[in-house]
Structures are given as C-alpha cells and as structure tokens.
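Just so it is clear: chains get the letters A, B, ... in the order the sequence lines come, proteins before strands, and each one is counted from 1.
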Amino acid sequence: MRYLECFRHLAKRRNGEFVITSAGNSGQAWWAASGDSEASFYLDASMSLSTMFASGLALALPKQRFWAFMGDGAFCMNPGMLMVERQMNLPNLVHFLVSNRSYGATSNAPLPSGPSCDFAMVARGMGLERVFTFSSIADLESGLDAAITQNASGHTFVVLEVEPFDAEEQRLPQPPFDGPELKYRFGRHLEMVSGATIFDYRV
Amino acid sequence: MSGHETRSGSKPEIARALADSLADCGVKLVASLPDNWITEVIDEVDRDARFTHVPVNREESAIGLCSGAYMGGLGSAAIMGASGFMTVIYAITKINYSYEIPLLILITLRGAFGDHHKHHVSNGLYLRPVMDAIDIPYTIVSRPEEIPQIGKAYRHSRTFSRPTVVALTRDLLK
C-alpha cells in the first residue's frame, strides 16, 4: 500500500482523535493528508518516543482518544516500549506502526531486519492482545473499524505495511511549525475540547 | 527500629518525605527505573494511592511518557539512577528543549564521595559536566531539610518551560 494513500484513508476515517506523529516520514505524510495544525502534535524530534508521549496524554485524558504513529525504524530503537504500553493498557490509544522496512527520513536506508521481522508477532510476544495488520486499502476498508473502535477493551497496536516514500514523496513539506508553536496550538486546542487545564494560565 | 533504620532520617522516612514532596507540588504520575539507592522511594511511590506509578522499560520512555502527561495537564516526575539519566540526553534535548516542555527528574548522584561502586566512576567524572553542558538547572539534595527543594524544582521547570533535575545523594538515601 502506498504510504500517502494509507494516511489519506486514515485521515478520512478519523473521528475526533488527537494524533501524535513521529520522527521520520509520518509527520510529512500526516501533514499532507490532514493539514491539521491543532489536533495533531508533530513530534518530529523524538526517535522511538511518540507512543510514550501519546501514552502520557492518553493517561491524562481518558475521555479523549489518541492515535500515535511510529515508523518501524523508530520502533527498532525501543521495542520494549510495548511492555510499558501493555502494562498501561490504555483503551483510548492506538499505536500505528508504519512499516516501510526502511529509515524513510534518511533516504530509505534499509532496516537491519529487512522484511523478515514480524512486528505483529513481536507485539503479541510482549503480551498485547489487540493487534491488527493492514497491507492494503481494501484491508483498511474492511478491518479498520474494529481496530479504531471507541469501545476498545484495551491498548491497540496496528501494523500498516506500506511502501517507502518515492523520490517525489520525499520532497513533501515538513509540518512548518516551531516546537513552542506546536505546543501551544495543540495544548490550547486540547484545553478547549477537553476542558482540562494544560498550562498554568488561560488566555 | 527495623533492620535498615540506622539513624535519624532513615530510608523509610526519607522515602515518605520525598513522596510527600512530590504529591504536594501536584505530581500524580511517576515513571521510574530502579537504582539501588532509590528502591525504597520507588516502592513508596508504588504503594501511595496519590500516584499512578508506571515502571518503564528504559529511561527515555520515562521522558516521553512524562512529557506527554504534561501536554495532557497531568503533573508528573521521572525517577531514575544517574546512569539512566546519562542515556536520556537525546530525549531531553529533542523533546523538552525543542517543544519547551517542563519535566521534573529525580536522579541519584552516583559517583560522588561515599559511593563505593567503582563502576560509577564515569558518573563521578561526567554526570555534572553533562548536566552543565546541556544547561539543565539542577539542585543537590543531601539532607532531609533540603527535600522541599523538590517543589521549587518542579515549579521552576514550569516557569522555565524546560526540565529541572534534583540529584539525591547517598547521604540522604542510604
């Protein structure tokens, strides 16, 4: 499945979820697919930590739902995060592992494991129960509802098998925000939607 | 007196005082990785209903988790050993410095006078220079009466919009 096509499909199916993207191509792809500048936090500076960041959010705000994207390159740097995710078992968080079998943001350098690693099996081995894999848009159309249901019994892990960015896609713009602007745009929007007090003062 | 209470300010009382200090400043989530010096502190936090305690797989995960909690309006702290702290420089400088996200980190001041473990020589040599190199504000707590520094460090982190560190000494913890 084409990376961007997959993300455009997810953007269409999104229903109020807050989104955290990762270091790598996911920020570019989500920005291209959604153009969202308030309910998405483009955590580009974060190799392997986007889902931990999202876990903190999901724990803090159990009535909101969160999607976190992470590339398989970032995943390889910290697979033990799944043990923490399993332990927390947050039903309002979906971890999307975007598997393009390469370090997409660094010229598609190959992953050490190549195509041989079964990420869904890794997740099951870490004790996760709600594990899904999608390799095509047709798969997403038929099975995504079960993965992103609002009535999940616990934490959800979704593997998206995609093609690496081609040369043209690599030129997609990065989300054009400085870090502090993202922090306040996202935080203020979250305050408005959830009623929570994120910062120490309201404007 | 229990077996490990050897003097005034012994471990259980210190652990409780540290937990009280965290709770008093609004910490509700504690992410931790162990170090022998802070085992009692982590156990105390784990038993304390005022906190959600999340043992994590590596120290960087604690940085990510607590940073996200801040963005959800949940007060948090990361507790780890000095060696663990030395592994989180990337996470701190990338997440917390890039996005200006506050975070309170409690560490052990390993490698200082009184630490008889030779494998902490590196921390004795480089822990404080590394903290200085990334300009992270830190304070050293070595006596029970200094424990309120934790609240000040927490509030300073939020004022400064970056992490602060409280380094706990062996004299305090053991």
Side-chain angles (χ1 to χ4, degrees), chain A residues 18 20 22-23 41-64 66 68 70 77-88 90 92-93 126 177-191 194-201, chain B residues 25-33 46 51-78 80 84 87-105 134 154-163:
Chain A
F18 290 87
I20 314 301
S22 173
F41 198 113
Y42 298 92
L43 194 68
D44 289 338
S46 71
M47 289 188 300
S48 82
L49 295 172
S50 62
T51 62
M52 285 291 93
F53 188 88
S55 295
L57 277 159
L59 177 71
L61 298 168
K63 292 182 180 172
Q64 307 302 320
F66 296 87
M70 172 177 290
M77 295 176 188
N78 187 18
M81 78 190 90
L82 290 186
M83 298 179 187
V84 184
E85 291 175 29
R86 176 65 186 90
Q87 173 190 233
M88 296 181 77
L90 296 163
N92 57 334
L93 173 61
M126 298 263 193
F177 308 104
D178 285 350
E181 183 182 6
L182 260 179
K183 165 186 157 181
Y184 285 109
R185 288 182 76 88
F186 183 85
R188 293 299 183 199
H189 183 70
L190 200 47
E191 282 183 332
S194 70
T197 297
I198 310 297
F199 305 115
D200 291 334
Y201 60 96
Chain B
C25 60
V27 168
K28 291 185 168 53
L29 165 67
V30 175
S32 77
L33 258 89
D46 191 67
F51 304 110
T52 297
H53 174 222
V54 180
V56 294
N57 65 312
R58 59 182 300 194
E59 288 80 1
E60 280 199 339
S61 293
I63 303 300
L65 185 64
C66 290
S67 299
Y70 169 80
M71 286 305 305
L74 187 68
S76 67
M80 61 188 69
T87 72
V88 301
I89 305 305
Y90 166 83
I92 288 173
T93 54
K94 282 295 200 180
I95 294 180
N96 303 92
Y97 285 22
S98 297
Y99 302 98
E100 298 187 0
I101 293 179
L103 170 60
L104 174 65
I105 309 171
I134 63 168
Y154 181 84
R155 288 185 289 277
H156 185 68
S157 172
R158 298 180 77 95
T159 302
F160 192 63
S161 292
R162 284 177 178 75

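- Neither the backbone nor the side chain of Asp178(A) comes within contact range of chain B; no heavy atom of the residue lies under 4.5 Å from a heavy atom of that chain.
- Between Ser32(B) and Met80(B), every side-chain heavy-atom pair lies at or beyond the 4.5 Å cut-off.
- Interface residue Tyr42(A): only backbone heavy atoms are found under 4.5 Å from chain B.
- Within the 4.5 angstrom heavy-atom criterion, atoms from both the backbone and the side chain of Leu43(A) approach chain B.
- When heavy atoms are compared at a cutoff of 4.5 Å, Tyr90(B) approaches chain A solely by way of its side chain, counted from C-beta outward.
- For the salt bridge (charged side-chain N to carboxylate O under 4.0 Å, His left out) condition, no pair includes a residue of residues 69-78 of chain B, sequence neighbours left out.
- The candidate with the highest count of non-hydrogen atom pairs below 4.5 Å against chain B, out of Ala60(A), Ala58(A), Ala23(A), Ala196(A), is Ala60(A).
- Residues Tyr97(B) and Ile134(B) approach most closely at OH-O, 2.6 Å, considering heavy atoms.
- Comparing Cys66(B), Ala62(B), Ser67(B) by heavy-atom pairs within less than 4.5 Å of chain A, the highest count is held by Ser67(B).
- Here the closest non-hydrogen pair linking Leu61(A) and Phe66(A) is O-CE1, 3.8 Å.
- Ranked by heavy-atom pairs shorter than 4.5 Å toward chain B, the options Gly187(A), Ser194(A), Pro180(A) are led by Pro180(A).
- Chain A forms the most heavy-atom pairs under 4.5 Å with one residue out of Arg158(B), Lys94(B), Met71(B), and that residue is Met71(B).
- Interface remark: Thr52(B) contributes side-chain atoms only to the contact with chain A (heavy atom separation under 4.5 Å).
- Ile95(B) touches chain A through backbone and side chain together, each having a heavy atom under 4.5 Å away.
- The candidate from Leu82(A), Asp200(A), Thr197(A), Asp44(A) with the greatest count of non-hydrogen atom pairs under 4.5 Å with chain B is Asp200(A).
- Counting heavy atoms from C-beta on, the side chains of Met77(A) and Met47(A) come closer than 4.5 Å.
- Interface remark: Met83(A) contributes no atoms to any contact with chain B (heavy atom separation under 4.5 Å).
- At a 4.5 Å heavy-atom cutoff, Phe177(A) makes no contact with chain B through either its backbone or its side chain.
- Your options are Ala31(B), Ser76(B), Pro102(B), Pro55(B), and the one with the most heavy-atom pairs under 4.5 Å with chain A is Pro55(B).
- Chain B forms the most heavy-atom pairs under 4.5 Å with one residue out of Leu190(A), Leu49(A), Ile20(A), and that residue is Leu49(A).
- Pairs passing the side-chain hydrogen bond (donor to acceptor under 3.5 Å, both in side chains) check and including a residue from residues 47-64 of chain A, sequence neighbours excluded, read Thr51(A)-Glu85(A).
- Note that CE of Met52(A) is 12.0 Å distant from CD of Glu60(B), once rounded to the nearest 0.5 Å.
- Classification of Glu100(B) and Arg162(B) as a salt-bridged pair holds, one side-chain N sitting under 4.0 Å from a carboxylate O.
- Counting heavy atoms from C-beta outward, Leu65(B) and Phe53(A) have side chains that stay 4.5 Å or more apart.
- In this structure, Tyr154(B) and Cys25(B) approach most closely via the heavy-atom pair CE2-O, 3.0 Å.
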